[in-house]
Each structure stands twice: as C-alpha cells, then as structure tokens.
J.: 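Can you read through this structure? Questions will come right after.
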Amino acid sequence: MIIELTNEFKEAIPVLNCLENHGYQAYFVGGSVRDAILRRPIHDVDITTDALPNEMKRIFKTADNYAGEKHGTDLVFLNGKKYEVTTFRIDGKYLDNRHPKNVSFTKNLKEDLSRRDFTINAFAMNQEGKLFDYFSGLNDLKKKIIRTVGDAKQRFSEDALRILRAFRFSSQLDFKIEEETLRASQMIKENLNDIATERIFVEFSKLLAGKNPQRSLRQMYDLGIVDFLPGHELITDQSDLFRNYIGIQSSSHAINWTRFIFFSNLRESSLTKYLGSWKMSNQLKKQIFKSINLLEKDKPSKLDLFDAGLEISIALSAIKRDDRNNLLSDYENLAIHDLSELDINGIDLKNIGIPVGPIYGKIIEDLKEKVILGKINNNKQRLLKEAKDDYINMGTIKK
Ligand code: ATP
Ligand code: MG
C-alpha cells in the first residue's frame, strides 16, 4: 500500500536521503505513520534506521544537522525542525517491568517493529510512501482495534506502562481494546506500581484529552486498573464519572483534568491531597483549583470570569451543563476581556506625570476591577481621572 505523503513527511525526506546515501536503510515510523493513514494531524515525524548511533553522529555532524542524543535516540535538525532518529533495536530482557536490561541493535526492520507496543504503532513507511505492515496494523486500524504486537501478557509484563497506553490510544482514537489485550491488562495491572508517576501522568493526561475518555475510564474501573493510578483511593464517589461525564474535547490539560476531578467529586482537602499524589506542575494544580472553585459557585463573579478567560469559561459552561449558557454569556458581557481592552496604558500614566514604578501595576489592577465591576466606564478621560486619584491615594497610604 502507498500512502500519500503530507508536507510533514516531505520536509523530512532529506534526513532519510542522507542516511540512504551513506548506504543505510531509513524509514518513517510509529505514530506519525498511523496518523497519516488515519488522516489525523501529524505532530512528530520519527525516523528509524539501521545506522548505529555513532555512525549517525558522524553523518549528521558532517552535514551540521546533529543536535545531540537523548536516551539512545539521535536528534537531527533540519530547517528549524527537530527529528528523532533511532537505530533499529531489539529490547533485551526486562528487569523490573519497565526497563530492558540491555538493548541490542539490528539490521532488520521487522525486528525493530516487533518491539513496538501496538500493531497500529508498528508501521514503517519509506520515502515513497510504501507501507511496511508486518503485524496487520492496517487491519486493526480498519476494525478500530488496539492490539499488542505479539503476546499481550508478555508485552505488558515487559513494560506495564503499555497497559495505560492501551487505554490512552483507545480514548484518543475512539478504538476498542481487543479482548486478549484487555484481559492481559487486568492480569498484569499490579506491575503499574513500578511505573514512575511522571510517565503515568503523560499517558493519563492524553487519555483525558481523547475522543472517548468515558469508555476508557469505565473499563479501567471495571478491571480495577484505576486502583493503580496515583491518589485513586481518594476518589470515593465515582457515580458522576459514569453518569454525567461530559464536556467538549480540549487540548488544555487544565480543562481536561478539571473535568475529570469535577466528576470524580474531589473537593477541598481531598482535592489538595489528590493533586499532591500526582507529579504535575504547580501551575497546573493552581489552574485546576481555580476552575473547580469556579464550578462550585452558583454564580461566579465578573472578576472570576475575567480571570478564567474565554476558553475556560466555554469549557466550564459545558461541564456544568449550563444549557442556557449563562456562564458564557456572562463572560461575553464583561466590559473587558483582556487588559489590552482597557482604554489606558503605561504610556498614558507616564504622560500624566506618574513616575514609572510598581505602582503602575497596582493602578492598572484597580482600574481593571472597577471597569469589570461596572463602577466606572472604560473611557480614557474617566480612567485618567481615576488613575490620578489612585496615585494620590496610594501615594499617601504608602509609608
Ligand atoms: P502520539 O501521537 O501521542 O505522539 P505515538 O504513537 O507517537 O503517539 P509515542 O509515545 O510518541 O506515541 O511513541 C512513539 C512510538 O514509539 C510509538 O508509536 C510506538 O511505536 C513506540 N513506543 C512508545 N512507547 C512504547 C512502549 N512503552 N513500548 C513499546 N513501544 C513504544
Ligand atoms: Mg509521538
């Protein structure tokens, strides 16, 4: 089968050419090939080759495209884009349910593809768009099925993260997990205890961002796989997760996690504990807290809505089943939606003789609040007058 190459692949052809010109094999591989067949947007175009890492280094260093190495994968720069180029490899025996003891290189493409997790992730494609599908991935794509390459139990025993990846791809693509793969996920689930929270976070976040998180969550509950997610014991009321879980698909982590947490009925101290058990950024935690608090309010204030912004207001409105779209229309009716809409700025403050300093931020904040709360109009003359008063007041209060 020949796949029509999109621009993302065409732009990377010189990397394949470079390797082929030195006598090596080189292919596009993994998720990008799957997404090309599905006509989904392509993000990372990954490349696989039989050139050994030091041979690659030599080739790309000479061409001045070498951008370093990360976990045995070479990074190649081309026209401002970075490509991961990995040598064909066979994973050795797995020691601890997550790390192969050793990795050996091979000259055989099929061997490299056989160590990949699912049939739909085990495609390779050459620069003419010719597809290499040794494990019936195409068939599974057509049937919308997630199936491990080889024996599911063994593949999950080698690396338990694959269990979560199965549910992640199932949600992301709205595919079903094949029976044997599903059964094995239940049998091997305890090995998830050995997987680093950071890796679980990446997969679970992608699951929440997918087309069908409901089904994956439901199945993970039924099979007891959720018990191995960080902080899961804190979720004591799952009824809403299955009855009411709705909302628009979003690429924002904050929105997707807020939705999951809202329907998991996690609030206040259990929410703090729950978020503490995941390794996520403090910024994300703060965003989730803010959004949950907003959802808890019967009527969020105008300042709350301004703070949340449009995207969050739309998402929260959907989560709340806010049919009349009150939250959203309240947001739209705000006098301003962004500080840039305020009819005054730092230059205006300077022009009326206020010395530049931290006081600018305080004055602007005060004017913003007054405009949003409808205390004054968003009109330059009015704002200038208010700014002068603020300056005098703040100046006198200052010790
Ligand atoms: P995404 O669109 O989310 O990037 P992807 O399929 O590219 O999806 P990655 O996590 O980026 O997924 O991994 C790239 C490829 O590496 C996969 O398609 C798969 O072939 C292989 N792979 C990744 N993780 C594993 C794993 N734990 N076990 C086996 N193969 C894996
Ligand atoms: Mg990828």
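Every number for a ligand or one of its atoms is a count from 1 in the order of the listing.
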J.: Look at the side chain of S252 and the backbone N and O of I255, then say whether any donor-acceptor pair between them is shorter than 3.5 Å.
T.: yes
J.: Heavy atom of D159 under 4.0 Å from ligand 1?
T.: yes
J.: Could you list which atoms of ligand 1 come closer than 4.0 Å to a heavy atom of G30?
T.: 18 (O)
J.: Check each of R168, R115, E158 against atom 3 (O) of ligand 1 and report the one with the nearest heavy atom.
T.: R168
J.: Under 4.0 Å from atom 16 (O) of ligand 1, can you find at least one protein heavy atom?
T.: yes
J.: Heavy atom under 4.0 Å from ligand 1: found in F123's side chain, backbone, both, or neither?
T.: neither
J.: Among all protein heavy atoms, pick out the one at the shortest distance from atom 28 (N) of ligand 1; state its residue, atom name and that distance to 0.1 Å.
T.: R162 NE, 2.8 Å
J.: Starting from atom 14 (C) of ligand 1, which protein heavy atom do you reach first, and at what distance in Å?
T.: D46 OD2, 4.2 Å
J.: Mind checking whether Y221 and F242 have ring centres under 6.0 Å apart?
T.: yes
J.: Below 4.0 Å from ligand 1: does a non-hydrogen atom of F118 turn up there or not?
T.: no
J.: Based purely on interatomic distance, does K206 place a nitrogen or oxygen under 3.5 Å from a nitrogen or oxygen of ligand 1?
T.: yes
J.: Measure the distance from atom 20 (O) of ligand 1 to every protein heavy atom, then report the residue, atom name and distance (to 0.1 Å) of the closest one.
T.: N121 O, 2.9 Å
J.: I need the minimum non-hydrogen distance between K130 and I2, along with the two atoms involved.
T.: CA-CD1, 3.8 Å
J.: Does Y134 offer a backbone N or O that forms a donor-acceptor pair with the side chain of K110 under 3.5 Å?
T.: no
J.: For atom 8 (O) of ligand 1, which protein heavy atom lies nearest, and how many Å away is it?
T.: R34 NH2, 3.5 Å
J.: State whether the side chain of N256 and the backbone N or O of S250 hold a donor-acceptor pair below 3.5 Å, judged by distance alone.
T.: yes
J.: Ring centroid separation for F201 and W257, is it under 6.0 angstrom?
T.: yes
J.: Would you check whether H43 reaches within less than 4.0 Å of ligand 1, judged by its heavy atoms?
T.: yes
J.: Could you walk me through whether S185 and I225 pass the side chain to side chain contact (heavy atoms under 4.5 Å, CB included) test, one step at a time?
T.: CA-CA 8 Å; S185 74; I225 291 170; 3.6 Å; yes
J.: Against ligand 1, does R155 come closer than 4.0 Å with any heavy atom?
T.: no
J.: When you measure from the side chain of N333 to the backbone of D330, do you find a donor-acceptor pair of N or O atoms at a distance under 3.5 Å?
T.: no
J.: Tell me, do N377 and V371 make a side-chain contact under 4.5 Å, heavy atoms counted?
T.: no
J.: Would you check if the side chain of S216 reaches a backbone N or O of P213 as a donor-acceptor pair within less than 3.5 Å?
T.: no
J.: Any idea which part of R40 is under 4.0 Å from ligand 1, heavy-atom wise: side chain, backbone, both or neither?
T.: neither
J.: For atom 13 (O) of ligand 1, which protein heavy atom lies nearest, and how many Å away is it?
T.: R165 NH2, 3.7 Å
J.: Quick one: nearest non-hydrogen protein atom to atom 19 (C) of ligand 1, plus distance?
T.: D117 OD1, 3.5 Å
J.: Nearest protein heavy atom to atom 21 (C) of ligand 1, by residue and atom, and its distance?
T.: R116 NH1, 3.7 Å
J.: Is a donor on one side and an acceptor on the other found under 3.5 Å between the side chain of R162 and the backbone of R155?
T.: yes
J.: Starting from atom 7 (O) of ligand 1, which protein heavy atom do you reach first, and at what distance in Å?
T.: G31 CA, 3.6 Å
